[in-house]
Amino acid sequence: MKEITSFLKSQKWTLIISMLYVGTGTLAVCSAYGSDPLYGEWTLYALLITFPVSILSFGFRYADPSVWPVFFIQFIMFLITFFILSLFIKSKPDN
């Protein structure tokens, strides 16, 4: 457990970037229908910006308007995004 905590502390910016990027995609997918409370013109732009992480969720939401599977898919996309970004964003060593 200590290793996981130290890994997350060293990858703080990667975690924040992943949460914002995938979170924006999740919010856009959950606001894609006209009957959704946060529906607006911004959803198209957010979906285009977050296309790589929201395409599967959008396809599933287009087929079935339920949002619970979207949260599961987006959680998996968050994990994938976090681990890919952690390979590219190197943490500074603590002195």
Side-chain angles (χ1 to χ4, degrees):
M1 187 69 177
K2 201 174 221 182
E3 297 87 19
I4 294 171
T5 322
S6 66
F7 176 72
L8 289 176
K9 283 183 182 179
S10 68
Q11 297 293 329
K12 179 174 59 171
W13 287 107
T14 307
L15 185 66
I16 291 170
I17 291 169
S18 299
M19 284 173 50
L20 288 175
Y21 188 66
V22 177
T24 303
T26 305
L27 188 62
V29 169
C30 291
S31 302
Y33 279 120
S35 62
D36 292 333
L38 296 176
Y39 177 75
E41 190 176 312
W42 69 274
T43 57
L44 175 66
Y45 300 119
L47 285 172
L48 290 175
I49 290 170
T50 62
F51 181 77
V53 297
S54 62
I55 186 65
L56 290 174
S57 297
F58 182 75
F60 193 89
R61 180 97 198 271
Y62 186 75
D64 180 24
S66 175
V67 293
W68 293 111
V70 169
F71 291 133
F72 180 71
I73 293 169
Q74 288 299 96
F75 178 72
I76 293 171
M77 293 306 290
F78 165 73
L79 293 176
I80 293 170
T81 304
F82 174 70
F83 288 119
I84 289 175
L85 281 179
S86 67
L87 295 174
F88 291 107
I89 298 176
K90 300 296 180 188
S91 62
K92 286 194 236 178
D94 294 332
N95 290 336

To the nearest 0.5 angstrom, please state how far the [atom1] atom of [X] sits from the [atom2] atom of [Y].
X: I17; Y: L85; atom1: CD1; atom2: CG; result: 6.5 Å
X: I16; Y: F82; atom1: CD1; atom2: CZ; result: 10.5 Å
X: F88; Y: F83; atom1: CZ; atom2: CZ; result: 15.0 Å
X: S57; Y: F72; atom1: OG; atom2: CZ; result: 11.0 Å

Using side-chain heavy atoms (C-beta onward) and a distance below 4.5 Å, is T24 in contact with I49?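 No, every pair of side-chain atoms sits at 4.5 Å or beyond.
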
4.5 Å side-chain heavy-atom contact, R61 and D36: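 Touching, per the 4.5 Å side-chain cut-off.
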
In chain order, what residues pass the side chain to side chain donor-acceptor pair (under 3.5 Å) check against T26, with sequence neighbours excluded?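 Side chain to side chain donor-acceptor pair (under 3.5 Å) check on T26 returns Q74.
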
Could you tell me which non-hydrogen atom of [X] sits nearest to which non-hydrogen atom of [Y], and how far apart they are?
X: A46; Y: T50; result: O-OG1, 2.7 Å
X: Y33; Y: Y39; result: O-CD1, 3.1 Å
X: S86; Y: T14; result: N-CG2, 3.5 Å
X: Q11; Y: I89; result: OE1-O, 3.4 Å

Should the heavy atoms of other residues, nucleotides or ligands under 6.0 Å from OH of Y21 be counted, would the total exceed 12?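 Atom OH in Y21 is packed in, count exceeds 12.
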
Could you walk me through whether W42 and Y45 satisfy the ring pair (Phe, Tyr, Trp, His ring centres under 6.0 Å) test, starting with their C-alpha distance in whole Å, then the side-chain angles of each, then the deciding distance to 0.1 Å, before giving a yes or no? CA-CA 5 Å; W42 69 274; Y45 300 119; 9.8 Å; no

